[in-house]
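Here the structure is laid out as C-alpha cells; the discussion comes afterwards.
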Amino acid sequence: MSNTLASRMNRLGTETAFEVLVRAKALEAEGQDVVHLEIGEPDFDTPSNIVESGIAALQAGWTHYGPANGQPELKQAIADYIQRSRGAVYEPDQVVVTPGGKPIMFFVLLALLEAGDEAIYPDPGFPIYRSMIDFSGAKAVPIALREEHDFRLDVDELASLITKKTKLLILNSPANPTGGVLERSDLEAIARLAVEHDLTVLSDEIYAELVYEGQHISIATMPGMAERTIILDGFSKTYAMTGWRLGYGLFPEDLVPAMNRLMVNSVSCTAVAIQQAGIEALNGPQEAVGEFREAFRRRRDLIVDGLNRIDGITCVRPKGAFYAFPNITGTGRESKPLANMLLDHFGVAALSGTAFGDAGEGYLRLSYANSEENLTKALDRIDACATKMRA
Ligand SMILES: Cc1ncc(COP(=O)(O)O)c(C=O)c1O
C-alpha cells in the first residue's frame, strides 16, 4: 500500500543544518575527522546551577502535566527578565512557554496567516520562516539582507514590498545566518511602517544576549509596537540549553487565547521540571551568560580575521549571534558545491548560504560555537581548499 500525504506537506520545507550534521556524522563513522561548523548551538555545557535545579525538580515530583501556557512562576520570571533586559513591558499572562523557541514560529504563522495574505521575511534568514509561511498558504515575500548594508534590511526596500495584503513582518536581530544587528534608527523606521500599515511583527530575539557592540534593542519598545509585536526568545542560545527544549513568546493580549489552544492541541504543556530549571536560569547567577559572550567574541575575531587572510574569501565582522557569513565569490565556486567540497574532501562541515534563501548565494555560514583549536583547524582546511581551487 502507499500512504499518501496531504498536499500541504509539499509546502513544508526543512532546516539543512540537521541534514548536514547527519552527513558529517556518517563521514565520522567512516573514520574521517570533521570540524563541525554547521549546527547553531553553543558547545558549552549548561551551567551547573541550572542542571542541578532540573534534577532537584524531578526529584521533588515535578513530573505531572502543568498549565498549557507555562508555570506561573516561570512566566513571571520571563516577564521580569524581558523588562529588565530590554525595557519591554509584558504581563506574565502574555507569556507562552513552549518546548524551544521554534514552536512560537510554527504557532504564530499558523494562527495568523492564510491564503491571500502576504508575509515579509528576511533572506538570507532562518529557513523555518519561509517554510512555515508557505505551509500556512500565505505568500512569502523575501526582503534581501545585503552585505553592503551590513546585513541590515533596507527600510526603503521594505516599504516598497508592503501591499494591502501584507499582514506580518518577521524580524531577526541579531540574525541567523549573517550575525547582522538592526540599529535603533532601523527599528524606529520599521516600527513607523508597521503602525502605518497595521502589520503584526514577529521579532525573533533568540540571540539578544549575544551582541558584541552596543546593546540589543527590541522593536516592542517603540511607540505603538507592544500591541502588535510578538517577541520570540528562549534558553537555547543564552544558557546553552538547546537540548532541554525551552523557549517562549510574549504576545499582545488578544493573541494569547489562540496560542493556548495551539498548545492544548499539540504538546499540552512544556515539561514542568524543565520549566523549573528555566526559573533558576533567569533568577539565578548570570555570570555564565557574560562568559559565553566573551568566548564567542574571541572566536568571532579569530574566525573573521582568519577568513579575511584567505585568498578569494572576505568576511564582514558580525555584530551579534555566533555565525560568520563569509563571501566566497572570489573562489570562483558557488556556495553549495563549495560546502560539499569542504565536507567531503577537507573535513569541514559548513552550510551553503543558499540554505537560508536565494540571497545567500555567494556565501557560507560558519557557526563559530566551537573551540578556538577547532576553529584554527577549520581555517587551515578552508585555506587548503581555496588554494586547491586556485591551482
Ligand atoms: C533565528 C533562530 N530563531 C529561533 C531558533 C530556535 O531555537 P530553539 O527552538 O532551540 O529555542 C533558532 C535556532 O537555531 C534560530 O537560529
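As a basis for the values below, the full set of heavy atoms in this structure was taken, side chains included, without hydrogen atoms, waters or symmetry mates. When a ligand or atom number is given, it counts from 1 through the structure's own listing order.
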Could you check whether any side-chain heavy atom of V211 comes within less than 4.5 Å of a side-chain heavy atom of Q215, counting everything from C-beta outward?
no

Test: D150 and K319 ion pair at under 4.0 Å:
yes

Hey, are R300 and E213 close enough for a salt bridge, meaning a charged N less than 4.0 Å from a carboxylate O?
yes

Side chains of N172 and Y121: is there a donor and an acceptor less than 3.5 Å apart?
no

Tabulated below should be the N or O atoms of ligand 1 paired with protein N or O atoms at under 3.5 Å; can you produce that?
| from | atom 1 | to | atom 2 | distance (Å) |
| --- | --- | --- | --- | --- |
| ligand 1 | 3 (N) | D204 | OD1 | 3.4 |
| ligand 1 | 3 (N) | D204 | OD2 | 2.6 |
| ligand 1 | 9 (O) | G101 | N | 3.1 |
| ligand 1 | 9 (O) | K102 | N | 3.0 |
| ligand 1 | 9 (O) | R245 | NH2 | 2.8 |
| ligand 1 | 10 (O) | S236 | OG | 2.7 |
| ligand 1 | 10 (O) | R245 | NH1 | 2.9 |
| ligand 1 | 11 (O) | G101 | N | 2.7 |
| ligand 1 | 11 (O) | S236 | OG | 3.3 |
| ligand 1 | 14 (O) | K237 | NZ | 2.7 |
| ligand 1 | 16 (O) | N176 | ND2 | 2.8 |
| ligand 1 | 16 (O) | Y207 | OH | 2.7 |

Are F325 and F151 close enough that their ring centres sit under 6.0 Å apart?
yes

Under 6.0 Å between ring centres: does that hold for F296 and Y323?
no

